[in-house]
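One structure is given here, and the rest of the page talks about it.
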2 protein chains.
Amino acid sequence: MGRRQLWDPAEVLTSAMRLFRHRGYLGASLRDIEEATGLHPGSLYRAFDSKEGLFQAALDAYNDQVVQGRVQVHLLEPADPVAGIRSFFTSAFETGLDPDPGCLLTNTAVESFTVPQAAAGVRRGLEAIESGFADALTRARALGRLSADLDVEMAATQLLALYQGLLVLVRSGTPATKLHTITDGAMASIGPERKRDSDE
Amino acid sequence: MGRRQLWDPAEVLTSAMRLFRHRGYLGASLRDIEEATGLHPGSLYRAFDSKEGLFQAALDAYNDQVVQGRVQVHLLEPADPVAGIRSFFTSAFETGLDPDPGCLLTNTAVESFTVPQAAAGVRRGLEAIESGFADALTRARALGRLSADLDVEMAATQLLALYQGLLVLVRSGTPATKLHTITDGAMASIGPERKRDSDE
DNA sequence: TATTTTTGTGAGCAGTCGTTCAACTACTGG
DNA sequence: CCAGTAGTTGAACGACTGCTCACAAAAATA
């Protein structure tokens, strides 16, 4: 009944995601949004109620697609969980984008002060990453790839913080060599290969 | 000759710093700035040329006062550099402020995409922190407080990233217990006390 | 086909943005 | 005490903000 919706919600959310990631919430005007998504204000407000509604939807989509996708591919699925953790880090800055917009989660975590309702979405995403790390670490432990005295939960929190820090540096234009150094450090902090003498 | 300036530049920059730290650059309107600093637009534009000029000045002041001050007190001065590194971390989130506005450097690093001229100031601040870490680590090494196989430059970069990540989590409302866990992890990653068997 | 229902369109609203500037105030040198 | 100079004030500007709504278009129902 009635006219059919002419636009694909997934496409619109993807465009909005990209725009918010580059410009932030406050930096993206409704005219920018209109241009990026192709949606006129009327349709936009019919579907999302407000600019903030669209932002929430875009953040949710980012969590469900990008974050969960990356967690799945790099942390949950790989047979080699240690290599997976490494690629989770490196793929965050080897995007081929210049300037690199960083991560919508990280950017929103910082900006969400101004947009309080986004805080819940940010928390959800951060927890997904952290528990992804925990899963990969648990599997690495089972394979004997972890330092024996390493606490998995604590290490997962550590990796989350380091990952978020990496993304701050990404967004501020830090060269890739330095980001690789950070990745190497992250790997060294969990693996047992930092000592040449076996002590277990 | 002529009328004297009625306001103290240092006070104005401190107020502006606090405002930008809470609201971000885009989130702080000139009316907000007027209220926070007590300066009317005319005086403001006479002194700083533009909103961006004021922001740059505030960021520079933050670097020169807050960042350098913290680096000095926690990383360069303490006789115990390891304890200094720890307190550098914990003092970043034990501010008594609720909600905690985080760090202007971190926040700007993320938002500076929108305000490209701020990028240089951000880099300056991040480098100050990193070299502060390097200094403390070098002194810790001389005192035999470091793992023997630890590369100081790499560890300093690592601590910088972890510190920035911590501040993202601070800004997103992560509870202090978790932030302490991250701090503990940071300390564990540099000290030799993680193994009970001596292996040097 | 006529009617009803849903969606798209975009001009336009009230309000806010960063910024300007003419009038005014306070101080100095002659 | 007057001219010149530097600083302060706040009303006002055009541009832009998020948002609304009367209207047109397209589909479903009768």
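Naming: A, B, ... by sequence-line order, numbering from 1 per chain.
- For B:R139, the CZ atom counts as densely surrounded, since its 6.0 Å shell holds more than 12 non-hydrogen atoms of other residues, nucleotides or ligands.
- Counting to the nearest Å, the P atom of D:dT20 and the NE2 atom of A:H40 are 18 Å from each other.
- Taking atom CZ on A:R46 and atom P on C:dG10, their separation rounds to 16 Å, with Å as the unit.
- Between A:D49 and B:Q5, the residue anchored nearer the 5' end of DNA chain D, judged by the nucleotide with its closest heavy atom, is B:Q5.
- Distances shorter than 4.0 Å separate some side-chain N or O of B:W7 from OP1 or OP2 on D:dT8.
- Aromatic ring pairs are classed by plane angle as parallel below 30°, tilted from 30° to 60° and perpendicular above 60°; the pair A:F48 and A:W7 is tilted.
- Distance A:F48 CZ to D:dC19 P: 14 Å, rounded to the nearest Å.
- Between the CZ atom of B:R23 and the P atom of C:dT16 there is a distance of 14 Å, rounded to whole Å.
- For A:N107 (side chain) and A:P101 (main-chain N/O), a donor-acceptor pair under 3.5 Å exists by modelled atom type.
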Inset, instruction - List the steps and the verdict of salt bridge (Lys or Arg N to Asp or Glu O under 4.0 Å) for A:E130 and A:R123. - result: CA-CA 10 Å; A:E130 188 176 6; A:R123 239 185 303 274; over 6 Å; no

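- Residue A:L143 is found outside any hydrophobic cluster, as its side-chain heavy atoms come under 4.5 Å of no other Ile, Leu, Val, Met, Phe, Trp or Tyr.
- The CD1 atom of A:I33 sits 18 Å away from the C1' atom of C:dT9 (whole-angstrom rounding).
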Atom pairs, N/O to N/O, protein against nucleotides 26-28 of chain D, distance under 3.5 Å?
unit_1: D:dA27; atom_1: O3'; unit_2: A:R4; atom_2: NE; d: 3.4
unit_1: D:dA27; atom_1: O3'; unit_2: A:R4; atom_2: NH2; d: 3.3
unit_1: D:dA28; atom_1: OP1; unit_2: A:R4; atom_2: NH2; d: 3.2
unit_1: D:dA28; atom_1: O4'; unit_2: A:G2; atom_2: N; d: 3.2
unit_1: D:dA28; atom_1: O3'; unit_2: A:M1; atom_2: N; d: 3.4

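- Rounded to whole Å, atom P of C:dG8 lies 7 Å from atom CG of A:L39.
- Of the inter-residue distances, the one linking A:F88 atom CZ with A:Y163 atom OH reads 4.0 Å to the nearest 0.5 angstrom.
- Clustering of Ile, Leu, Val, Met, Phe, Trp and Tyr by side-chain heavy atoms under 4.5 Å joins A:M154 with none of the others.
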Inset, instruction - Assign a letter to each nucleotide of nucleotides 11-17 of chain D from its 5' end: B, base within under 4.0 Å of a protein heavy atom; S, sugar-phosphate only; -, no contact. - result: -B----B

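- A straight line from CG of A:L54 to C1' of D:dG18 spans 13 Å, rounded to a whole angstrom.
- As rounded to whole Å, 8 Å separates atom P of D:dG10 from atom CD of B:E34.
- In terms of phosphate contacts, A:Y45 brings a side-chain nitrogen or oxygen within less than 4.0 Å of OP1 or OP2 of D:dC19.
- Contacts classified as side-chain hydrogen bond (donor to acceptor under 3.5 Å, both in side chains) and involving residues 34-49 of chain B (residues at least two apart or in different chains) are not found.
- Within the structure, side-chain hydrogen bond (donor to acceptor under 3.5 Å, both in side chains) pairs that include any residue of residues 82-91 of chain B comprise B:R70-B:S91, B:R86-B:D184 (at least two apart or interchain).
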